[in-house]
Amino acid sequence: MIIDRPGSQYIFMYSRESLNNSSDRASYIAYKDKRLTNKEYLEHWGKWIHLDDKEKIHDMARKLDPYVEEGTIPCIKFDRVPQQWADMDQCVLCVYSDDRQRNEVWKVLSDVGVKIKAWTYDREVVEKWMPGGQYLERWITANGLKKEEADRTREESRQKFKAAFFDKPDEPCRGWIQ
Amino acid sequence: MNSIVVRISGSLRKLTRGKTEIELTVAGNIADCVIKLEEQFPGMREKICDEEGEIRGAVNIYVNGDNVRSLQGLATTLKAEDEVDILPAFAAA
């Protein structure tokens, strides 16, 4: 099911079953029906990345919706428009899964015509959104934040990931706000 | 010599005049692949590698889906029919 919240850069896709699970909004972060802990998330969770023009990415997302619904693909995130802060000229579609399931997910992507084959672990992404990380620092520069604002943003980012992952390694992973 | 496929995404497509998939015959590793790309598309090497000859932070190179930074970087060996993807690093953000 495509979850399009106006105003958000990203459009998300989850199964109805996952969305209807009001007691656990991140139930899709699992492997073989077992929820991942924060520690397991950082070890195993990642995404296949696909880039293309906006219309093609949005078409591809619609094609993949049945696979999300049936649970073969746990979650998808894609850009509404190319991300200007990152100087991107194409939209990105991220297809998430546990690395132990990634070949099965890749088979689906390949069958619907995806050629680009690029896997990234979420631990690498988290690291780059931490203070001093490539993404956060670029975002700060691109948005022209003054020193105080930039320092506050860095601290907020550090706290967000600390609370989300590092303080409770054995708790079920709830993901992070994007 | 191995025949491989290289796919180019993002702004690097400007150097390939919009071509996104390139077949190359390369001798051994990713560094050889970059040299071959430079021969066909001048300026490519400078976009991919920095002054020290390392892969730029703004670029990710994948072989059969895996980032070469987690393999052997530019020394990552290529074999026949390998698939190489070159993406802007910010695509993974």
Side-chain angles (χ1 to χ4, degrees), chain A residues 9-10 46-53 56-57 77-79 82-97 99 102-103 105-107 109-110 113-130 132-139 141-142 157 176 178, chain B residues 3-24 30 33-34 37 43-44 46-50 54-73 76 78-93:
Chain A
Q9 163 65 26
Y10 301 117
K47 60 193 181 185
W48 290 112
I49 303 164
H50 178 55
L51 284 82
D52 213 329
D53 297 333
K56 289 181 181 169
I57 285 292
K77 175 186 88 174
F78 60 100
D79 287 329
Q83 301 223 42
Q84 290 189 348
W85 69 270
D87 206 20
M88 295 290 292
D89 62 355
Q90 293 179 297
C91 282
V92 179
L93 180 129
C94 299
V95 180
Y96 290 86
S97 83
D99 61 359
R102 74 174 195 165
N103 291 339
V105 172
W106 172 252
K107 170 82 169 59
L109 297 180
S110 179
V114 171
K115 293 273 182 71
I116 294 169
K117 195 172 186 187
W119 173 264
T120 296
Y121 281 99
D122 263 34
R123 61 176 178 262
E124 298 168 34
V125 180
V126 166
E127 188 183 320
K128 288 175 181 175
W129 278 110
M130 293 280 275
Q134 184 185 27
Y135 300 157
L136 183 61
E137 297 306 321
R138 171 68 170 262
W139 189 89
T141 303
S157 179
W176 47 291
Q178 300 186 41
Chain B
S3 178
I4 63 161
V5 171
V6 181
R7 283 181 292 264
I8 306 286
S9 300
S11 60
L12 286 176
R13 290 172 303 150
K14 289 174 192 162
L15 286 175
T16 63
R17 296 172 291 280
K19 202 169 175 187
T20 56
E21 197 163 305
I22 299 140
E23 283 189 30
L24 291 180
I30 288 291
C33 172
V34 173
L37 284 171
M44 187 66 86
E46 192 186 344
K47 291 282 184 188
I48 295 173
C49 298
D50 63 19
E54 298 298 325
I55 300 167
R56 288 188 184 278
V59 174
N60 282 342
I61 303 177
Y62 300 83
V63 175
N64 302 326
D66 291 316
N67 192 326
V68 299
R69 286 193 178 88
S70 65
L71 302 172
Q72 283 80 45
T76 301
L78 294 169
K79 58 185 187 309
E81 297 181 24
D82 273 348
E83 295 177 75
V84 175
D85 281 281
I86 305 178
L87 273 66
F90 288 98

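Below, chain A is the first sequence line, B the second, and so on; all start at residue 1. Computed from a predicted structure; not experimentally measured.
Contact check for A:D87 versus B:P88: no side-chain heavy atoms found under the 4.5 Å cut-off. Residues B:R13 and A:Q90 have side chains in contact (heavy-atom distance under 4.5 Å, counting atoms from C-beta outward). Taking 4.5 Å as the limit, some side-chain heavy atom of B:S9 sits within range of a side-chain heavy atom of A:I116.
No donor-acceptor pair under 3.5 Å is formed between the side chain of A:K128 and the backbone N or O of B:F90. With A:Y135 contributing its side chain and B:A89 its backbone, the two residues share a donor-acceptor pair below 3.5 Å. A donor-acceptor contact shorter than 3.5 Å links the side chain of A:Q134 to the backbone of B:G57.
Between B:K14 and A:D89 there is no salt bridge, since none of the side-chain N atoms of the basic residue sits less than 4.0 Å from a carboxylate O of the acidic one.
More than 12 heavy atoms of other shown residues, nucleotides or ligands fall within 6.0 angstrom of atom CD in B:Q72. Heavy atoms from other residues, nucleotides or ligands lying under 6.0 Å from NZ of A:K77 number more than 12. The environment of A:E137 atom CD is dense: over 12 non-hydrogen atoms of other residues, nucleotides or ligands sit within 6.0 angstrom.
The two atoms that bring A:W129 and B:A93 nearest to each other are NE1-C, 3.9 Å, heavy atoms only. The nearest pair of heavy atoms linking A:K115 to B:E21 is NZ-OE1, 4.1 Å. Of all heavy-atom pairs between A:L51 and B:A91, the closest is CD1-CB, 3.8 Å.
Contacts between A:W106 and chain B at a heavy-atom distance below 4.5 Å are absent for every atom of the residue. In this structure, chain B has no heavy atom under 4.5 Å from any part of A:W139.
Note: B:N64 CG to A:W119 CH2 = 15.5 Å, rounded to the nearest 0.5 Å. Distance check, rounded to the nearest 0.5 Å: CE of A:M88 to CG of B:L87 gives 7.5 Å. Taken from CD1 in A:I49 to CG in B:D85, the straight-line distance is 10.0 Å, to the nearest 0.5 Å.
For the set B:N67, B:D66, B:T20, B:N60, the entry with the most heavy-atom pairs within less than 4.5 Å of chain A is B:D66.
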